[in-house]
Every structure is written in C-alpha cells, then in structure tokens.
Amino acid sequence: MTSCRVSVVLATLLCLGSAGRHHFHPEPSDEAGARAASPDEALASHWYAEAHAALEALHARRGAERRRARNVVMFMGDGMSVPTLAAARALLGQRAHRPGEEAQLSFEAFPTVGLAKTYCVNAQTADSACSATAYLCGAKANEGTLGLTAAVPRGACNASLAPHVRLASVAAWALADGRDAGIVTTTRVTHASPAGVYARVADRDWESDADVRAAGHDPAACADIARQLVHEYPGNQFKVILGGGRREFLPTSAVDQEGTPGRREDGRDLIAEWRSSKRARNASCAYAWHRDQLLQANASLPDYLLGLFEGGHLRYNLQSDAASEPTLAELTDVAIRMLSRNERGFFLFVEGGRIDHAHHDNLAELALDETIELSRAVERATRLLAEDDSLVVVTADHAHVMAFNGYSARGADVLGPSDDRDDDGVPYMTLSYINGPGHRREVDGRRVDVTQEEDFRGVEWPSHVEVPLRWETHGADDVAVFAWGRHHDAFSGLYEQSQLPHRMAYAGCFGAGPHACGAAALRQPLMALFLVLFMQLAKLFP
Ligand SMILES: *[C@@H]1O[C@H](CO)[C@@H](O)[C@H](O)[C@H]1NC(C)=O
Ligand SMILES: *[C@@H]1O[C@H](CO)[C@@H](O)[C@H](O)[C@H]1NC(C)=O
Ligand SMILES: *[C@@H]1O[C@H](CO)[C@@H](O)[C@H](O)[C@H]1NC(C)=O
Ligand SMILES: [Zn+2]
C-alpha cells in the first residue's frame, strides 16, 4: 500500500509537474456562453484526480490482490448510441429470420456494463476529438482538440506547444511499461478518434501539412497529424497501423495505387519515410494497400505493419469491394497477431468509425450494419485473447439523434415503417432522426409519406427527419461501456468518459494512476520519468 501511495505521488508529480505548479487557467471560450464548472477543468490534474478518486473507491471495495490484464483492447463505435445498439441487434436477428429483438451483439454478452458521460469542457455535446482526448488521454478537453488540455482553444497552434498542456495517451502509458501498441480503424488513420491515440493537435482537421498551412500556421511548428503518426512519439512506436487515409501521407504530385491524389504540400512521402524509419531501426516492415498484401503480411508477420486500404475512409462494409478491402474483423485479427508477440502485452485501439458517418447522413441501415461489423471484430478479438489475462472494453465516443420509436409489433422490420401512423394517418419510420439532411418539407401542412418514395429502403435512402440540417448532429446522452476479461468489473457504474483510460490502466497495472500492482508499482516513477525525457528528446530530433 505504501509503495502504491508513493508511486501515485511521484508519478503524478512527474507526469503533471508543470500543470500542477502553474495553475493554468483557460482562455475565455469562443463558444458563446460556454463555461466550465471550475477553471481547474483546464488542468489535466483535475481530471486525473477525479478518476483516481473513483479508482480509490473501487479499489477499497475490491481489495488489494490483483493480477494485471496483460493485453488491453479498446473498441470504439464512433457515434454508437444506445438506440443504435438496440436497432443493430434487431437487424442482426432479423437477418437470421428471427423476430430480432432477442438477438445479441457479441459484446452485449459481456459480464459488465457501465455508462459514460461524454460532455467536453466547452461543449455539452462532444465531438470525436474532445471525446477521444477524454477516453484515450484521461482528461476532458475543448471541442475539436486532440491530446491537449482544455487550456488550449481549438486552432491555437502556439498554445498547444506548451509542455504542460500536452497529454500522454493510454497507448503511451502502455509503451512506457514495455508493452506494444497499435491502432485499427475504418476511417482515415489520421481522423479524430484514432488520432487521439497518438496526436497532440489544436485542430482535428490538421491531418496533413496543407491543412495546417490553410489555417494560417506553420507546419514546422505545429506538425500535422500524419507527420505526428510517422515521426513523433508514441505513433512512431506503433507496431501496427491499419485503416484508410493514404492521401494524407502522399504529396500532391503523387497519385496512389487506386487513383487518389495526395494532399501534402511539403512534397513528403510519409509512407516511404515510415518504411525507412523502420529500416533505420534494423526492423522488418510491410506496407499494405490491398487486402491480399494484408493476408501476406499475416502469413509472415513483419516487425512493423502499416496498412492504408483507401485514399480516404474505408468504404462502408455494405458498399466495399470484399476482394481489395479487408473487413474490420480481419484487420483486428491481424493487429492482435502482430501485437501478441510481446510477452509484456499490448494496448490496441480498434474503431468502427463509420457508424457516425452514416448517422450524419441519416442512413440508418448503414449505421446499423457498421455496428454489426464492429460486433464481429469484437467477437474475433475475444476468440484470440485469453479471458484471464486480457481486457476488452467496447464503448462509443458520443451518441447520435436516431430514435427507435413507435408502437410496432414484436418482430416488425426494424428498418421499416412503424405499425402506427401519425395524427394525420401518415406512416412514420421506426428509425427516424431528430435532425439532418433527410428532412422533407411538409406538403399542405402534412408530412409526406416517405414509404412512397422511389428509393424507399435503399441503402442510401435517408430516413425522415424533424429538423432540417446539412448534417445530423451528435447526441449528448451517455454512452454504454461493455467490458470482458480481467478486471471487467472495474467498468460498472456511471462515470466521466475521461475515467476510461485510468480504469484501463488500473486493470492493466500501467500508467500514472494509483494501485499499480506488484513489481510494476516500483517501476512506475522511473518509467514516467523515462517517458517525459523521451518525449522531450523526440521533440529535439523529430
Ligand atoms: C506564435 O508564435 C510565433 C513565434 O513565437 C509568433 O511569431 C506568432 O505571432 C505567434 N502567433 C500567435 C497567433 O500568437
Ligand atoms: C540487423 O539485423 C540482423 C539480422 O537480425 C543482424 O544480423 C545485424 O547484426 C543487425 N544490425 C544492426 C546494426 O543491428
Ligand atoms: C492470419 O493467420 C492465421 C494463421 O496464422 C489465421 O488463422 C488467420 O485467419 C489469418 N487472418 C486473416 C485475416 O486471414
Ligand atoms: Zn460525428
């Protein structure tokens, strides 16, 4: 117990040293009326302390004897709200010709469920960047920012460079403990959620140097997200990086294998640079842009694997070319095999990123199908991992405003109209949206009957919508957290989203939190010191 307490104090001092000393206060937010409950919300130490207090209480209930989770896999369904889960499970069941409501997504069988609160420091409703900062770096942040405390307003390049505002992610904590790390996503690997694992950037949109420059900043000072992934810690240590987004890595003068032009204005080919940086370490590496190359790499695993299977995001599962594009389950499978070679264990982040995109376009079927794909990926992971030494956590970054509504009979087509009618006798959909591009203007004071539309029920047919908006918005409701494996029970309850990485680190006995177990407890302060030194060195020699 004593060594635990010493390690908390030391690690906290080492990791948050300057933040604790300077009491940095947030700039007035750009958001009209946005206000934090306390100026301390701009400090990482505020959120760390909030999480550590919850862990103290948890630990008091569970007792001291703990065995660590060697491997931690975090699955994140972007925008996977609770109604999305209920509708996706019904669709899963109905595809198997059952009523559907009784079906289960793979992770719905997990022994522990919790709820996470997703608001950000200056936003009632989270975006994928501030929420990624919460569930990966353990501190709530400002909308649109990644890996930075809420002392940094969105777009503030200079402010993002102060050492005390820069956060380390749970992947960096795991690396500091000698474990391996990696990311898998169906979006560009530079998109907000996966970038939360490795980037510190004042604007989530700064995916290539062209974006930094377009915002009026110097990419040499504020490195773009792709460059951070290839050259900065911790991205430059990842053993596996799988997703989309080749265009952010290639110069405008280049066109990739599938015809997408590069977007970089600095003339750099970061895919080639990734390769040569691994060769400089005398390590083997493989780059894959096609599913066949992924399977080749799987047959003979290289030390490092980079797979970018599209110029932009991977296509929706229902619209993808199965021959050239791997499924999320396949990507997850290969990533776990890559990382399992480390005896100390690993941290892997897997995102089903396009649930969110489909919802933004009011495309319910695509959102549900992407959710089912995530469920398949989770199932693959739990088959590959041992329940007594691995932890799998499945959650979402924020909700959406799709409603699962009406009074339909048991087993009614979840993608169809309700059995019920509106007060004018016009049908309405079981899955409809509060807002978004699918709004139809009323005709003669009545809603239109969308079931009569030509493309009704087509995969790209938007469901009907109350409020017209170019993009459907996120929802501010809580998101579910499912946990399986060692210390799964540390995820029950209702808590701040920023507690998630602290809870994962608690289960895995790594990072700066309280109650690191066994020998790891003594190593913590040294590891934290090493991490800080390493990050400083990495900045000197990018
Ligand atoms: C950022 O810092 C640079 C160099 O210190 C300075 O020239 C520039 O004016 C600063 N920009 C802003 C917006 O503060
Ligand atoms: C590089 O790896 C090879 C094969 O594993 C080994 O023989 C060689 O000594 C290594 N070279 C360096 C500079 O580490
Ligand atoms: C990777 O290889 C293993 C055998 O080593 C195999 O079981 C697995 O299915 C392969 N993964 C994929 C995605 O094909
Ligand atoms: Zn979104």
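Every number for a ligand or one of its atoms is a count from 1 in the order of the listing. Numbers for residues simply follow the sequence, beginning at 1.
In this structure, the side chain of Gln293 engages the main chain of His290 through a donor-acceptor pair within 3.5 Å. Side-chain atoms of Arg470 do not come within 3.5 Å of backbone N or O of Gly436 as any donor-acceptor pair.
Going from atom CG of Asn71 over to atom CG of Leu384 covers 11.0 Å, rounded to the nearest 0.5 Å.
Between Ala181 and Ala171 the shortest heavy-atom distance is CB-CB, 4.1 Å. Here the closest heavy-atom approach between residue Glu248 and residue Asp211 is recorded as OE1-OD2, 4.0 Å.
The Asp333 neighbourhood of ligand 3 comprises atoms 1 (C), 8 (C), 10 (C), 11 (N), 12 (C), 13 (C), with distances under 4.0 Å to a heavy atom of that residue.
For the residues Glu330, Arg291, Arg337, the heavy atom positioned nearest atom 9 (O) of ligand 3 is part of Arg337.
Under the side-chain contact (heavy atoms from CB on, under 4.5 Å) rule, Glu370 has a single partner from Leu363, Asp356, Ile355, which is Ile355.
Distance from atom 2 (O) of ligand 3 to its nearest protein heavy atom, with residue and atom name: Asn298 ND2, 2.4 Å.
Under 4.0 Å from ligand 3, the heavy atoms of Leu295 that appear belong solely to its side chain.
Qualifying side-chain hydrogen bond (donor to acceptor under 3.5 Å, both in side chains) partners for Arg247, counting only residues two or more places apart in sequence or in other chains: none.
Protein atoms of type N/O/S that fall under 2.8 Å from the Zn ion (ligand 4) number 4 in this view.
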